[in-house]
Amino acid sequence: ITFGIQFKPIVPSSLFNSGTEEVNGEQFNLTKTPRLGYNFGMVIRKGFTDLISAEVGINYTRRRFDLALFDPNEEVNAELSYIYTGYEIPIQGVLYVQLGDMIWMNGAGGVSFDMYPSDLFSSTSVNQNGSIYDVEQRTFRSNWLQVALVANYGFEWRTKKDGFFYLGA
């Protein structure tokens, strides 16, 4: 059994439908832009053979977003940033291929239980030409728990003295 600490950056990408979203309506135009976030936590790995393991962990997830609102009728621009927090319990099976004395390639797949502790609210005000415009953002969770599929592919450098170092996606 091994224990590890992991850090995973969350990079927005339109490839996975997590890029910028735009809504253009008659009364306003809205742009939601995801920013760099992260996932940080720990993992416990149980090896069954040299080539097969199981992993379970717990992670803290922090995602950041920018919201830009434009009202063409009043010519008002408003910007708002907010942070979305969650927790994740991933469970994965891992397969290894030894590439050298200390280098291993691996692929992992499984499920993740993602938990969201609360709804989200943020607001800002814009003062333009003596008028104050209030902008509010509310995100309501439909469930406190969601199940997701997870997959990882990467490489490990295994040392006897300093432990294992993994780099993957």
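Only this structure's heavy atoms are used, side chains among them; waters, hydrogens and symmetry mates stay out. This structure is a prediction, so every number in the text was calculated from the model and none was measured.
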State which residues pass salt bridge (charged side-chain N to carboxylate O under 4.0 Å, His left out) with R63; sequence neighbours excluded, sorted by chain then number.
-> none
Y38 side chain near I10 side chain, heavy-atom distance below 4.5 Å = no
In this structure, are over 12 heavy atoms from other groups packed under 6.0 Å from F28 atom CZ?
-> no
With rounding to the nearest 0.5 Å, note down the distance linking CG in L145 to CZ in R141.
-> 10.5 Å
Are M115 and L120 joined in one hydrophobic group, where the rule is that I, L, V, M, F, W and Y side chains link up if heavy atoms are under 4.5 Å apart?
-> no
Is E136 atom CD crowded by more than 12 heavy atoms from other residues, nucleotides or ligands, each under 6.0 Å away?
-> yes
What distance do S125 atom OG and I132 atom CD1 have between them, rounded to the nearest 0.5 Å?
-> 6.5 Å
Donor-acceptor pairs under 3.5 Å, side chain of residues 87-107 to any protein atom, not counting sequence neighbours: which ones?
{"from": "E88", "atom 1": "OE1", "to": "N39", "atom 2": "ND2", "distance (Å)": "2.9"}
{"from": "E88", "atom 1": "OE1", "to": "N59", "atom 2": "ND2", "distance (Å)": "2.9"}
{"from": "E88", "atom 1": "OE2", "to": "S112", "atom 2": "OG", "distance (Å)": "3.0"}
{"from": "Q92", "atom 1": "OE1", "to": "N152", "atom 2": "ND2", "distance (Å)": "2.7"}
{"from": "Y96", "atom 1": "OH", "to": "R45", "atom 2": "NE", "distance (Å)": "3.0"}
{"from": "Y96", "atom 1": "OH", "to": "R45", "atom 2": "NH1", "distance (Å)": "3.2"}
{"from": "Y96", "atom 1": "OH", "to": "S53", "atom 2": "OG", "distance (Å)": "3.4"}
{"from": "Q98", "atom 1": "NE2", "to": "G100", "atom 2": "O", "distance (Å)": "3.0"}
{"from": "N106", "atom 1": "ND2", "to": "E156", "atom 2": "OE2", "distance (Å)": "3.3"}

Test side-chain contact (heavy atoms from CB on, under 4.5 Å) on T31 and T20 and set out the steps.
-> CA-CA 7 Å; T31 303; T20 299; 3.5 Å; yes
Hydrophobic cluster membership, F70 vs L30, 4.5 Å side-chain cutoff = no
Examine the side chains of Q137 and S122 and answer whether a donor and an acceptor come within less than 3.5 Å of each other.
-> yes
For side-chain contact (heavy atoms from CB on, under 4.5 Å), just list the numbers for Y82 and R138, CA-CA rounded to whole Å, side-chain angles, deciding distance to a tenth of an Å, and then say yes or no.
-> CA-CA 10 Å; Y82 62 97; R138 296 175 189 259; over 6 Å; no
Has L167 got more than 12 heavy atoms of other residues, nucleotides or ligands less than 6.0 Å from its CG?
-> no
Cluster link M42 to F40, ILVMFWY, side chain under 4.5 Å | yes
How many angstroms lie between atom CG of N29 and atom CG of N24, to the nearest 0.5 angstrom?
-> 4.5 Å
Between D66 and R35, does at least one N-O distance fall below 4.0 Å, as a salt bridge requires?
-> yes
Taking C-beta and beyond as the side chain, do V111 and F113 meet within less than 4.5 Å on heavy atoms?
-> yes
Kindly work out whether a path of hydrophobic side-chain contacts (I/L/V/M/F/W/Y, heavy atoms less than 4.5 Å apart) joins I5 to I58.
-> yes
Starting from the C-alpha separation in whole Å, work towards a yes-or-no answer on side-chain contact (heavy atoms from CB on, under 4.5 Å) for F164 and W157.
-> CA-CA 6 Å; F164 299 179; W157 178 44; over 6 Å; no
Under 3.5 Å donor-acceptor, R64 side chain and L36 backbone | yes
Side chains of residues 71-79: which donor-acceptor pairs under 3.5 Å do they make with residues two or more places apart or in other chains?
{"from": "D71", "atom 1": "OD1", "to": "N73", "atom 2": "N", "distance (Å)": "3.0"}
{"from": "D71", "atom 1": "OD1", "to": "E74", "atom 2": "N", "distance (Å)": "3.3"}
{"from": "E74", "atom 1": "OE1", "to": "Y133", "atom 2": "OH", "distance (Å)": "3.3"}

Working for side-chain contact (heavy atoms from CB on, under 4.5 Å), residues T61 and T85 | CA-CA 6 Å; T61 302; T85 300; over 6 Å; no
Could you tell me the separation between the CZ atom of F121 and the OG1 atom of T139, rounded to the nearest 0.5 Å?
-> 11.0 Å
Do F140 and Y84 sit in the same hydrophobic cluster, where Ile, Leu, Val, Met, Phe, Trp and Tyr count as joined when their side-chain heavy atoms come under 4.5 Å apart?
-> no
In this structure, CD of E21 is separated from CG of L67 (nearest 0.5 Å) by 10.5 Å
